Amino acid sequence: MGIYLWRRTISTLNIRWLHCRCLTLYNTANGYDEVKIKEKLSRFKGGSINLSKMDNGIAELKEGMMMCMLMQNTLTRLQRLPLISLAFIQGKALGGGAELSTACDFRLMTDESEVRFVHKQMGLVPGWGGAARLIEIIGSRHALKLLSGSLRVNPVHALELGLADDIISTGVDDSLLEAHKWIMQYTKGSADVNQAVKKVITSGRENILADALRAEKEIFGNVWGGPANLQALAKGTKHK
């Protein structure tokens with residue numbers, strides 16, 4: 001599965017907005033230190049879970065909570081980027097791969113690909129934010145089915161659910177090139193305007209209505225009278 005971000009130069013204003021929107025979900029008050037967590041997790045080679053039982057009867061299971069916080073922060077930052085992102089699923093996106101795909105704006109699948117939230121089979125639930133985002137994408141009823149049944153979701157089913165946006169045939173000469181062509185219909189035009197569109201979507205998704213409206217006003221003000229707006233007015237492109 002590939003993730004692709006389309007962007008151009010980000011202005012100083014956009015960088016400030018990015019810094020504001022990409023604040024982490026967790027901080028030191030939650031016992032979260034990203035540098036230390038990455039250092040500790042880097043020592044694990046994977047493939048095992050260590051259970052340590054202390055004298056007071058409390059058991060510690062690996063470093064699962066640290067991984068949870070790290071990945072929630074990472075994928076939330078990905079989702080909040082003022083860039084249009086695409087998850088191109090060419091094989092099997094299982095567990096964490098399925099969760100990662102939900103952090104992207106769009107998802108394309110090839111004919112033989114599959115998305116599956118296998119967490120329940122491992123005695124778990126999604127911990128990287130995948131459940132919350134899945135509900136946002138396909139609704140709670142369908143999300144419950146996918147999570148409780150660990151269902152295999154093929155491209156056609158994913159398209160019906162709204163989990164996938166389109167299917168790219170593996171019969172084409174270059175499926176990645178086809179994915180590029182597909183996303184270009186949403187990224188063409190001014191980079192500044194594309195970023196502004198993503199910002200109002202992010203704000204509307206994460207904020208209460210009053211705050212979202214204020215943010216939309218500010219973002220609108222940044223592009224009103226800008227180069228793209230003036231060029232469009234000069235060409236009379238509104239109704240074309």
Side-chain angles (χ1 to χ4, degrees), residues 1-7 17-18 20-26 30 67-89 92-109 113-120 124-167 179 182-183 185-187 194-216 219:
M1 180 181 70
I3 294 182
Y4 304 94
L5 303 175
W6 279 259
R7 69 177 180 180
W17 184 92
L18 177 62
C20 179
R21 294 301 306 159
C22 293
L23 295 176
T24 60
L25 295 172
Y26 303 104
N30 308 108
M67 174 67 80
C68 176
M69 290 190 290
L70 175 65
M71 291 308 298
Q72 283 192 7
N73 275 349
T74 300
L75 296 186
T76 297
R77 288 199 293 263
L78 169 62
Q79 188 176 38
R80 287 175 174 174
L81 284 174
L83 312 169
I84 297 177
S85 60
L86 166 68
F88 185 31
I89 305 171
K92 293 185 178 182
L94 309 179
E99 291 197 65
L100 192 154
S101 73
T102 64
C104 294
D105 299 313
F106 300 110
R107 284 156 294 281
L108 297 183
M109 298 177 68
S113 62
E114 175 186 301
V115 176
R116 190 181 184 195
F117 293 84
V118 297
H119 306 75
K120 186 180 176 183
L124 297 170
V125 296
W128 298 358
R133 291 189 297 267
L134 185 64
I135 291 170
E136 188 176 74
I137 295 168
I138 66 174
S140 59
R141 185 169 64 89
H142 289 304
L144 180 60
K145 291 179 180 179
L146 266 55
L147 297 182
S148 62
S150 297
L151 301 183
R152 300 177 187 272
V153 184
N154 62 38
V156 174
H157 189 195
L159 198 60
E160 293 171 347
L161 291 174
L163 182 59
D165 294 281
D166 210 342
I167 302 172
W182 189 93
I183 195 64
Q185 64 185 307
Y186 302 108
T187 60
N194 283 333
Q195 291 164 9
V197 169
K198 178 65 181 289
K199 291 174 188 177
V200 296
I201 294 297
T202 300
S203 176
R205 181 182 64 240
E206 298 190 2
N207 295 324
I208 62 172
L209 180 60
D211 290 342
L213 290 174
R214 283 191 286 269
E216 186 172 314
I219 296 167

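Just so it is clear, the model here is predicted, and its values are computed rather than measured.
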May I have the list of side-chain donor-acceptor pairs in residues 134-141 shorter than 3.5 Å, sequence neighbours left out?
none

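Across all non-hydrogen atoms, the minimal contact from Ala131 to Pro126 is N-CB, 3.8 Å.
Thr102 places a side-chain N or O within 3.5 Å of a backbone atom of Glu99 that can act as its donor or acceptor partner. Between the Lys120 side chain and the Ser148 main chain, a donor and an acceptor come within less than 3.5 Å of each other. At least one donor-acceptor pair closer than 3.5 Å links the side chain of Arg107 to the backbone N or O of Leu163. A distance-only check finds a donor-acceptor pair linking the side chain of Ser85 to the backbone of Asp105 [under 3.5 Å]. Between the side chain of Arg133 and the main chain of Thr76, no donor-acceptor pair closer than 3.5 Å is present. Panel note: side chain Gln195, backbone Pro82; no donor-acceptor pair is recorded below 3.5 Å. A donor-acceptor contact shorter than 3.5 Å is absent between the side chain of Ser113 and the backbone of Met109. Put simply, the side chain of Lys198 never gets that close to the backbone of Ile84: no donor and acceptor are under 3.5 Å apart.
Note on residues 143-166: pairs passing salt bridge (Lys or Arg N to Asp or Glu O under 4.0 Å), not counting sequence neighbours, are Glu114-Arg152.
For the pair Asn194/Leu83, no side-chain contact is recorded, criterion being any heavy-atom separation below 4.5 Å from C-beta on. The shortest side-chain heavy-atom distance between Leu75 and Leu100 falls under the 4.5 Å cut-off. A 4.5 Å side-chain heavy-atom check between Pro155 and Ile167 finds at least one atom pair inside the cut-off.
At a threshold of 4.0 Å, the pair Arg80-Glu206 counts as salt-bridged, since one of the basic side-chain nitrogens sits closer than that to a carboxylate oxygen.
Using the six-membered ring where Trp is involved, Phe106 and Trp182 have ring planes that are perpendicular, over 60° apart on the 30 and 60° scheme.
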